[in-house]
> 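Below is a structure I'd like to ask you about.
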Amino acid sequence: MADLLERTRFDPSEVEPRIVERWLGSGLFSPEPEGDASENYSIAIPPPNVTGKLHMGHALNGSIQDTLVRWHRMLGRRTKWILGTDHAGIATQTQVEKKLIAEGTSREGIGREAFVEQVWEWRRQQGGDIIEQYKRLGASADYEHERFTLDEAYVRAVMKVFVALYEKGYVYRDNYMVNWDPGSHSAISDLEVEDREVTDTLFHIAYPLEDGGGEVVVATVRPETMLADTAIAVNPGDERFTHLVGRTAILPLVGRRLPIIADEYVKTYFGTGCLKITPGHDPNDFEIGRRHGLEEISVIGEDGLMTDAAGPEYAGLTVEDARDKVVAALEAQGLIRAREPHTHEVPFSHRSGRRIEPLISLQWFMRMDELAAPAIEAVSSGRVKIHPSSQSRRYMDWLENIRPWCVSRQLWWGHQLPVWYRENDTYVGETPPEGEGWTRDPDVLDTWFSSALWPFATLGWPEDTPELRAFYPTDVLLTARDILFLWVARMVMMGIEFAGDVPIEHVYVHSVIQAPDGRRMSKSLGTGIDPIALIEGDGDTPAYGADAVRFGLLAMSSTQDVRFSEEKVAQGRALANKLFNASRFVLLNVEAVDAAPRVGGDGFVEDRWILSRLQRVVADSHANIEAFNFHKLALGLYDFVYAELCDWYLELVKAREFDADLSATMLHVLRETLSLCHPVIPFVTEELWSHVPGADGLLAGGRLPQPDESLIDEEAERTVGDVIAAVSAIRAWRDGAGIKPGERLAAALPAGLQAEAVARLARLDLEGARDGEPATVLTPSGAVEIWGGVDPEEEARKREAQREALEAEIARAEGKLANDGFVAKAPEAVVEAERAKLERLRGELTAL
RNA sequence: GGGCGGUUAGCUCAGCUGGUCAGAGCGCUCGCCUUACAAGCGAGAGGUCCCCGGUUCGAACCCGGGACCGCCCACCA
C-alpha cells in the first residue's frame with residue numbers, strides 16, 4: 001500500500017509490461033478444449049501477415065476482439081481467441097525479393113528451394129514481431145497455440161480441400177484472361193486489383209480497307225497492342241458503319257487481314273465507334289474474340305516485354321518503348337488521325353503497384369456457384385448474422401454474381417499445388433503420384449484459399465479434435481469491410497462444405513481508421529500512425545499506454561469510417577489516470593473490510609445512489625456489448641467513472657467518517673467498477689486489482705457484475721439528482737458573481753434538499769450570519785438564499801434577466817398546452833411532462 | 001453506369017423506434033494548488049443540426065428534390 005501513496009499518476013510504461021508477464025504466466029488465455037461450442041466462446045483472429053507490423057487497423061480490430069474476449073471470459077465462459085499468422089504469399093515474397101535485390105541477387109538467381117528457405121528464415125526473424133505487438137496491446141489471445149498457414153498440419157488441410165474440390169469437379173484448369181501483375185510476375189484476382197485514375201492519350205488510328213475503298217478509324221489508348229489485333233468491331237445498329245461489316249481491313253505495320261465484325265458490346269458514342277479487337281490483351285476483347293472465334297495473339301509476355309509475336313522490330317522492348325515506336329511508325333505513315341487526352345480508371349496491382357497487364361494464360365480455377373448457394377442461405381436464414389445489416393446486402397450481391405476464382409499464383413512462397421503432369425496426364429492428389437517422369441505444377445495457391453479454412457484448420461481439421469468440438473463454430477468475427485468478400489464469404493463457403501457448419505455466428509464489420517486529414521492511413525502515403533509508438537511514446541508523442549490506445553480506438557470506432565483522433569487516446573489516458581487516483585483515494589482511506597455493502601432505505605443516500613448508478617452502467621455495458629456498440633461502451637464507462645463516481649460520489653463521501661459501512665460500499669463499488677472496465681482498459685484495472693483487499697487472483701480471470709434491476713433506487717437517484725442540480729446552480733451563480741470558490745457564504749436552503757451535502761460541495765455556511773439582502777439562486781428543489789458578497793444592483797439585474805427567461809419559457813409551455821392538436825394527439829406522458837414542467841417554472845417564478 | 005454511407009459547436013464525432021436531444025472529448029475564455037488526481041477541479045462562451053419543399057399537434061430524426069464529400073461494385077476502347 002505504501003507505494004500507492006506516492007504514485008500520483010498511472011505510469012503505463014512501468015506497469016503494463018509487468019502485467020503482460022503475469023497474464024501470460026497464468027494460463028488464462030489457453031483454455032482446455034472441453035465442452036462444445038455452444039457453451040464456449042471463441043474468436044478467430046483475422047491472421048495478420050507473418051512478416052507484418054501492427055498497424056492501426058490491427059490495433060482497432062484487436063482492441064475490439066480483446067474487449068469481447070475478456071468480457072466473455074469474465075462471464076465465466078471457456079474462452080479462446082485463436083491466434084496465428086498468414087503466410088501472405090505475394091506480400092511476403094515481395095519483401096524477401098526486395099531484400100535479395102538489395103543483396104545483389106534475385107529469386108531466380110538462387111533458385112526456388114533456396115528462396116523458400118530464405119523466406120522461412122525471414123519469417124523466423126520477423127515472424128514474432130507482430131505477435132509481440134499484440135501482447136503489448138494486451139490482447140488475451142491463445143499464444144500457446146499459435147498457428148501459421150504454412151504449418152505442416154495446416155498444409156495438409158489445404159491439400160485435402162484442394163483435392164476434394166478437384167474430385168468434385170469444382171477445381172479445373174483453363175486458358176483464361178487473367179490480371180497479370182508484372183511486378184510480382186503472377187496472376188492476381190480481381191479483388192487484388194485497385195482502380196486508379198490515369199490520363200492516357202487516346203489515339204485515333206486509321207486502318208486501310210483491303211479493297212482500297214477507304215479506311216476505318218479506331219480509337220485506343222494502347223497503340224502497342226494493335227500488333228495483336230485480330231478484328232475490328234462496330235455496333236450492329238450503327239448505320240454509319242453497317243456497310244463495313246463483312247469487309248476486311250489491313251492492320252498497319254503488320255499487314256494482317258482483320259475481319260470487320262458486328263458486336264453489341266461496341267458503344268456507338270465512344271471514340272470513333274469502331275473498336276479494334278485484341279483478344280490477347282483486353283478482357284472485353286477476349287470475350288468478343290471467343291464469341292466470334294477470333295485468333296488470340298499474345299504480343300506482351302509475362303515479363304512485361306514484347307514477345308517475338310510482336311515482330312522483330314518490337315520483340316524485347318518494354319511496353320512503353322513499343323508504344324512510342326508504334327506511334328512513331330504510324331505517324332511516319334500518316335495514319336494517326338487524332339490524339340486526345342483521355343482520363344479513365346485503370347487497374348493496378350494492389351500488391352506491387354504496377355499497372356495490370358491483362359494476359360491470356362493457363363491457370364487453375366475454382367467454380368464457385370455450388371458453394372455460393374449455401375453461403376447465401378447461411379446469411380439469409382440468419383445462421384450467420386452480419387452487423388450492421390446493410391453489409392449483408394453487399395455480401396449477398398457479391399455471392400449472387402459470383403464468378404470463377406483463379407486460384408493459382410505464379411509464386412514460390414505458399415501452398416504449392418498438389419498437381420503433377422506427365423505428358424498429357426494430370427494427377428491431383430494429396431501425395432505425389434507413383435511412377436517416373438511426373439513434374440509438379442510450380443504454382444502456389446492464392447493466399448485467400450488457405451485463409452478460407454482458417455477457423456477450422458487452426459483447430460486441427462481434418463482430424464476430429466477436441467479443439468474443433470469445443471470451439472467450432474466461432475462466435476464472432478471482427479473485420480473491416482475490405483475483406484468481406486476476399487475472406488469472409490469464402491470462409492463461410494468452405495466452412496459449410498468441409499467443417500459441416502458455418503464458421504461464424506456473427507460478423508461485425510467495423511470502421512476503417514483514416515488518417516487525421518481524411519486520407520487512407522498507409523505507409524506509402526506517409527499517413528500511417530504506429531499504434532506501438534502511441535503506446536510506448538516516440539519523439540513528440542507521449543507514452544499514452546495500451547489502455548489509452550485501446551480506449552481511444554473503441555471510442556472512435558463506429559460502423560462508418562472515422563478519422564484518427566489522438567484526443568480520444570488522450571481521453572483514454574485520462575480515464576486510466578482518473579481511475580488510478582480514485583482507487584488510490586478509496587484504498588488509502590478505507591478499512592479493509594470484507595462485508596457486503598449495506599443496501600436499502602436506512603443507508604446513506606449517496607451510497608444508495610452510487611449503487612443504483614453502478615447498476616445502470618452495468619446494464620448499459622452488457623447491452624452495448626450485445627449490440628456491438630463499442631464506442632458507447634467505452635464512453636459510458638468514462639462517464640460513469642468521471643461524472644458519477646469521481647465528481648459526485650467521492651466528493652460527497654469526503655465529509656463522512658470512513659467507517660466499516662462506508663468502506664464496504666466503497667470497496668464494493670471499486671471492485672465492480674474495476675471489473676466492468678477491465679475488458680476495455682485491462683492494464684490499469686489489473687494493476688489496481690492487486691491492491692484491493694480480498695481480491696484474489698487476476699482480474700482477467702474474475703467475474704463481471706451482472707445487471708440487477710432490484711438495485712435501482714429511484715428515490716436515491718431523485719434526491720442526489722436534486723443535490724447535483726442545486727450545487728451546480730450555486731456554483732454557477734458564485735462564478736458569475738465573482739465570488740472566490742473558497743469563500744464560505746451564509747445560506748438558507750429549501751426544505752427537502754440534502755442540506756449538508758449541498759452546503760459542503762457548494763461551500764455554504766448554514767449557520768452563518770445573514771447580513772443584508774440575500775441573493776436568490778433557483779434550483780429544481782426551490783430557491784436558495786445566499787448572503788454576503790452580493791452586489792444588490794447586479795443581483796437585481798440578474799434577477800430581471802432570469803425572470804424574463806422564465807416568462808419566455810412559461811409562455812412557450814403555455815402555448816404548447818393551449819394547442820388542441822398537441823393535447824389531443826400527443827401521448828399522455830408527453831403532455832403530462834409538459835404540464836409538470838409548466839408547474840415547475842411557475843413555482844420558480846414565484847420563488848423569484 | 002449502378003449501389004451504399006456521410007454533411008450536427010473551431011476540430012473529431014454521439015444523437016436508438018419523430019416529443020428535456022441540441023450533446024461528448026479536445027480546443028477556447030474565466031476562476032481555483034478545494035488534503036485521490038494540475039494528465040486535475042469549478043464555471044462559461046460557442047451551433048439557421050448542408051439547402052429547398054412536404055408529412056405531422058410537433059422534424060436534426062420520416063418522405064421528395066437538390067448540392068457537396070467519401071466508399072464499394074461494374075468490361076466502356
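In what follows, every chain begins at residue 1, and chains take the letters A, B, ... in the order their sequences are listed. As the structure is a prediction and not an experimental result, all values here were calculated from the model.
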> In terms of heavy-atom contacts, does CZ of A/Arg240 have more than 12 from other residues, nucleotides or ligands at under 6.0 Å?
yes

> Any side-chain N or O of A/Arg563 under 4.0 Å from OP1/OP2 of B/rU12?
yes

> Using a cut-off of strictly less than 4.0 Å, decide whether A/Lys578 has a side-chain nitrogen or oxygen near OP1 or OP2 of B/rC41.
yes

> From C-beta outward on A/Gln514, which listed nucleotide comes closest to its side chain: B/rA39, B/rC37, B/rG70?
B/rG70

> Within the pair A/Arg7 and B/rA39, is there a side-chain N or O less than 4.0 Å away from OP1 or OP2?
no

> Please pick, from B/rC41, B/rU12, B/rG15, the nucleotide with the shortest atom-to-atom distance to any side-chain atom of A/Lys568.
B/rU12

> Which nucleotide in the list B/rA77, B/rA36, B/rA43 gets nearest to the side chain of A/Asn581?
B/rA36

> Which nucleotide sits closest to the side chain of A/Val266: B/rA36, B/rA77, B/rC32?
B/rA77

> As a test of reading the structure: which of B/rG31, B/rC26, B/rG42 is closest to the side chain of A/Lys740, going by heavy atoms?
B/rG31

> Could you tell me whether A/Arg584 contacts a base, only the sugar-phosphate backbone, or nothing, with contacts defined as non-hydrogen atoms closer than 4.0 Å?
sugar-phosphate

> Starting the side chain at C-beta, find the nucleotide from B/rA43, B/rU12, B/rG40 nearest to A/Ala574.
B/rG40

> Around atom CD of A/Glu296, are there more than 12 heavy atoms of other residues, nucleotides or ligands at under 6.0 Å?
yes

> Which nucleotide, if any, forms a Watson-Crick or G-U wobble pair with B/rG18, using both distances under 3.5 Å?
none

> Determine the minimum heavy-atom distance between A/Tyr265 and A/Arg291, stating which atoms define it.
CB-NH2, 4.0 Å

> 5'-most contact on RNA chain B: A/Asn629 or A/Ala582, nearest heavy atom basis?
A/Asn629

> Counting only distance, no hydrogens or angles, is the base of B/rA43 paired donor-acceptor with the side chain of A/Arg731 under 3.5 Å?
no

> Using a heavy-atom cut-off of under 4.0 Å over every strand shown, decide if A/Glu651 touches base, sugar-phosphate, or nothing.
base

> Checking all strands, does A/Ala732 fall into the base, sugar-phosphate, or nothing category for heavy-atom contacts under 4.0 angstrom?
sugar-phosphate

> Could you check A/Tyr638 against A/Val562 and say which one's nearest nucleotide on RNA chain B is further toward the 5' end?
A/Val562

> Under a 3.5 Å cut-off for both contacts, is B/rC4 paired Watson-Crick or G-U wobble with anything, and if yes, with which nucleotide?
B/rG70

> Looking at B/rG44, does its base get a donor-acceptor pair with the side chain of A/Asp735 below 3.5 Å?
no

> Taking any heavy-atom pair under 4.0 Å as a contact, classify A/Arg403: base, sugar-phosphate, or nothing.
sugar-phosphate

> What about A/Lys632, does its side chain sit under 3.5 Å from the base of B/rA24 through a donor-acceptor pair?
no

> For A/Thr225 versus A/Arg222, what's the shortest heavy-atom pair and its separation?
OG1-O, 2.8 Å

> May I ask you to verify if any side-chain N or O of A/Lys267 is less than 4.0 angstrom from the OP1 or OP2 atom of B/rA77?
no

> Partner of B/rG10 by Watson-Crick or G-U wobble geometry, both contacts under 3.5 Å, or none?
B/rC26

> Centre of A/Tyr638's six-membered ring, under 6.0 Å away, within 45 degrees of the axis: is that where NZ or CZ of A/Lys578 sits?
no

